[in-house]
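Within every chain, numbering begins at 1; the chains are lettered A, B, ... in the order of the sequence lines, protein sequences first and strands thereafter. Bear in mind that the values here come from a model prediction, so they are computed numbers and not experimental data.
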Number of protein chains: 2
Amino acid sequence: MKIKIQVLVTALLLCSGMAMSQPPRGPLVISPQVQADKTVTFRYLAPLAKEVKLSAQFEKVPLAMSKDAQGVWSVTVGPIKPDIYPYSFQVDGVTVMDPANVAFFPNERFKASLVDVPGDSPLIHAMRDVPHGATSYEYYPSLEGTTGSVVVYTPPGYDQNPTKKYPVFYLISGTTDTEETYFKVGRTNLILDNLIAEGKAKAMIIVMPYGNIAARVAEQKGGSKPADPMVRDGDDAVKRAKDFETDLLTKVIPYVEKNYRTLNNRENRAIGGFSRGGGQTLRAAFGNMDKFAWVCSYSSYLSPTEMDRNFSQIGTKADLTNKQLKLLWVGVGDEDFLYKGTLEFIDYLKAKNIQYKSRITGGGHTWMNAKQYLAETAQLLFQ
Amino acid sequence: MKIKIQVLVTALLLCSGMAMSQPPRGPLVISPQVQADKTVTFRYLAPLAKEVKLSAQFEKVPLAMSKDAQGVWSVTVGPIKPDIYPYSFQVDGVTVMDPANVAFFPNERFKASLVDVPGDSPLIHAMRDVPHGATSYEYYPSLEGTTGSVVVYTPPGYDQNPTKKYPVFYLISGTTDTEETYFKVGRTNLILDNLIAEGKAKAMIIVMPYGNIAARVAEQKGGSKPADPMVRDGDDAVKRAKDFETDLLTKVIPYVEKNYRTLNNRENRAIGGFSRGGGQTLRAAFGNMDKFAWVCSYSSYLSPTEMDRNFSQIGTKADLTNKQLKLLWVGVGDEDFLYKGTLEFIDYLKAKNIQYKSRITGGGHTWMNAKQYLAETAQLLFQ
């Protein structure tokens with residue numbers, strides 16, 4: 001009843017020609033509200049809920065929220081270290097995005113919103129008053145006659161300079177992420193805009209593919225939904241990894257090099273990725289040394305067993321490897337559940353005399369770290 | 001506890017280098033699952049919930065769902081008429097997106113997912129095996145030194161033909177929608193790809209701006225969150241509408257015409273919009289007859305009062321209006337809450353001898369209709 005009355009009132013208040021896509025729902029909720037002192041207030045309208053908590057990546061455990069007379073639950077936290085954090089609400093045990101917040105985390109399994117706590121001076125991923133590149137959603141002919149989707153960043157000035165050619169960085173997100181995640185959560189475009197404006201990174205094209213090619217092919221060809229990418233039964237996992245590599249090398253790269261002004265040799269191709277994307281990166285790089293000279297593994301690794309079994313020449317011919325790779329960069333947080341494995345991978349590289357750069361940070365398996373690693377390595381690529 | 005054990009098991013199952021962004025959460029839920037007979041099964045994991053309902057725009061009222069032994073709620077509906085529909089779950093009264101579904105509805109107030117029921121032959125908004133354009137997210141210098149964001153569709157072949165120039169269609173979404181909505185929900189890119197492939201639409205650039213400029217300026221300049229765009233107090237609403245028009249004419253159009261290969265005259269500029277975007281369209285067009293020759297109002301109108309007060313010359317000089325406008329198109333559904341107002345607007349045009357095309361469809365104030373109107377009018381523009 002109350003909602004119907006509200007719709008009527010709103011309709012009466014409408015300026016002619018002003019209309020809404022959907023009726024309003026209760027009082028205006030402002031969330032998240034970031035204060036100047038870096039405290040943040042989160043709010044969620046749920047008059048009938050018994051318990052609402054805030055689950056956020058700047059807190060170890062969910063925080064209780066309290067309800068006001070209008071049914072708006074809220075909690076104020078912080079001050080919070082400036083960064084962009086995923087968060088969600090737990091409403092009587094149900095995880096929901098923040099309906100008042102447009103900034104969301106593209107992912108195939110969970111729904112989270114993003115809160116941006118700005119720094120005293122703008123952080124490297126912040127919107128600054130600098131020339132901006134463009135981020136383009138495109139389709140390309142993929143494996144088995146399917147249509148793939150890919151997101152492509154072009155640097156500032158790309159369209160104004162129709163003869164200049166650029167190096168390309170292939171950048172792969174994690175398990176259950178989508179091709180949008182490095183753009184929407186990783187802020188690839190703003191990080192590069194800012195680094196390029198500061199003269200710290202070369203102008204480059206960044207190509208962000210979708211990681212779970214096998215599932216997409218199954219969906220388009222068979223009409224069935226993707227298999228669970230979390231399940232690691234041997235043969236299927238190996239096939240999925242191989243499908244990604246085949247798609248990248250035989251479909252994505254040819255599409256990009258046909259449709260963009262690219263420098264088409266290994267010295268002008270970099271590859272990097274976060275989490276599963278880091279594993280895909282290492283496999284694609286070590287298995288195709290003629291294709292990529294710059295390699296970045298963020299919060300990921302290959303095991304010594306897999307290295308010896310599938311990529312033994314990387315270690316046995318370390319001199320050649322070192323000559324071929326302009327950069328082999330490995331970064332991980334010391335709270336990452338892959339920390340130990342990554343240290344073993346670094347030890348393997350060391351034992352084999354393979355040149356690498358490593359970066360151990362604080363924090364866990366998070367996109368806060370993924371952004372930091374991108375900002376750091378983008379300054380090294382093609383230099 | 002259970003979650004911790006699951007994380008451990010999954011970690012053990014991980015292939016080296018394969019990692020997840022976030023721990024898995026319970027059994028794999030496939031939702032929505034569209035069957036060949038056009039029935040659809042929706043599923044939602046919520047073992048502790050007391051009641052879960054499906055709220056979908058193909059149903060008048062929310063549908064009860066039932067829970068299985070694993071705590072997965074489900075309901076099968078249909079057969080459903082092929083189209084793309086917004087839906088959400090109501091979990092003990094809390095509205096949530098479908099966590100198993102990546103396709104979402106970008107909006108500033110509500111969260112909804114999208115289900116795509118395909119036609120027996122591919123619908124006009126379906127992914128078909130045709131040449132595809134690109135959809136680009138860009139920033140432009142906006143009002144008062146702020147940075148605006150805009151989404152731009154370029155047709156197939158745009159990059160392959162570096163001398164060809166194109167007409168431009170400015171396309172504006174509704175209240176609380178964002179600059180993404182016409183892309184993600186309206187499928188502007190696929191509709192145009194398909195129409196162009198069939199030879200039914202001219203190759204054109206489509207520019208999708210953000211509608212609520214005043215709020216964005218307030219946010220960037222003042223650090224405060226947007227005012228509720230639903231509230232229609234007179235002065236503020238008028239200022240907001242004017243800000244949009246000023247931004248479009250003095251910022252967006254110059255940016256587009258500088259950065260894209262555009263045909264820069266009124267005969268090669270169209271403007272259209274849905275809901276609030278339709279009102280913004282009519283005001284921008286009637287107030288700037290030197291700028292746009294093609295005008296499309298989807299599910300929207302201006303009142304006779306506003307027409308007489310602000311745009312009287314449109315009616316008093318109908319001969320000039322008819323000479324200037326290549327197209328004035330008005331469409332609305334007969335269940336739309338703006339249906340009556342739109343009929344009054346059409347009557348006004350008729351009474352003033354202003355030439356127009358109108359289209360009354362079934363359905364309400366929905367993006368199913370918005371897509372249909374776009375597909376219909378795109379075939380008329382620049383012809």
Would you mind telling me which of A:Gln160, A:Arg261, A:His132 has the largest number of heavy-atom pairs within less than 4.5 Å of chain B?
A:His132

Looking only at heavy atoms and a cut-off of under 4.5 Å, which of A:Val91, A:Thr154, A:Thr305 has the most pairs with chain B?
A:Val91

Heavy atoms of A:Tyr210 and A:Asp177 approach each other most closely as CE1-O, 3.9 Å

How about A:Tyr339 and A:His365: are their ring centres within less than 6.0 Å of each other?
no

Quick one: what part of A:Asp98 sits under 4.5 Å from any heavy atom of chain B, side chain, backbone, both or neither?
backbone

Chain B contacts, top residue of A:Asp193, A:Asp159, A:Asp92, A:Val94 (heavy-atom pairs, under 4.5 Å):
A:Val94

Side-chain donor-acceptor distances from residues 43-52 of chain B under 3.5 Å, at least two apart:
{"unit_1": "B:Arg43", "atom_1": "NH1", "unit_2": "B:Ile30", "atom_2": "O", "d": "2.9"}
{"unit_1": "B:Arg43", "atom_1": "NH1", "unit_2": "B:Gln33", "atom_2": "OE1", "d": "2.8"}
{"unit_1": "B:Arg43", "atom_1": "NH2", "unit_2": "B:Gln33", "atom_2": "OE1", "d": "3.1"}

Which label fits B:Phe104 and A:Phe104: parallel for a plane angle under 30°, tilted from 30 to 60°, or perpendicular past 60°?
tilted

Contacting moiety of A:Asn259, where chain B heavy atoms sit under 4.5 Å:
both

By ring pair (Phe, Tyr, Trp, His ring centres under 6.0 Å), which residues pair with B:Tyr140, not counting sequence neighbours?
none

Is it the backbone or the side chain of A:Thr178 that comes under 4.5 Å from a heavy atom of chain B, or both, or neither?
side chain

Can you tell me which portion of A:Phe345 sits under 4.5 Å from chain B's heavy atoms? Options are side chain, backbone, both or neither.
neither

Let's test your reading of the structure: which of A:Thr342, A:Val96, A:Thr135, A:Val102 forms the most heavy-atom pairs below 4.5 Å with chain B?
A:Thr135

Centre-to-centre under 6.0 Å for B:Phe110 and B:Phe105, is that the case here?
yes

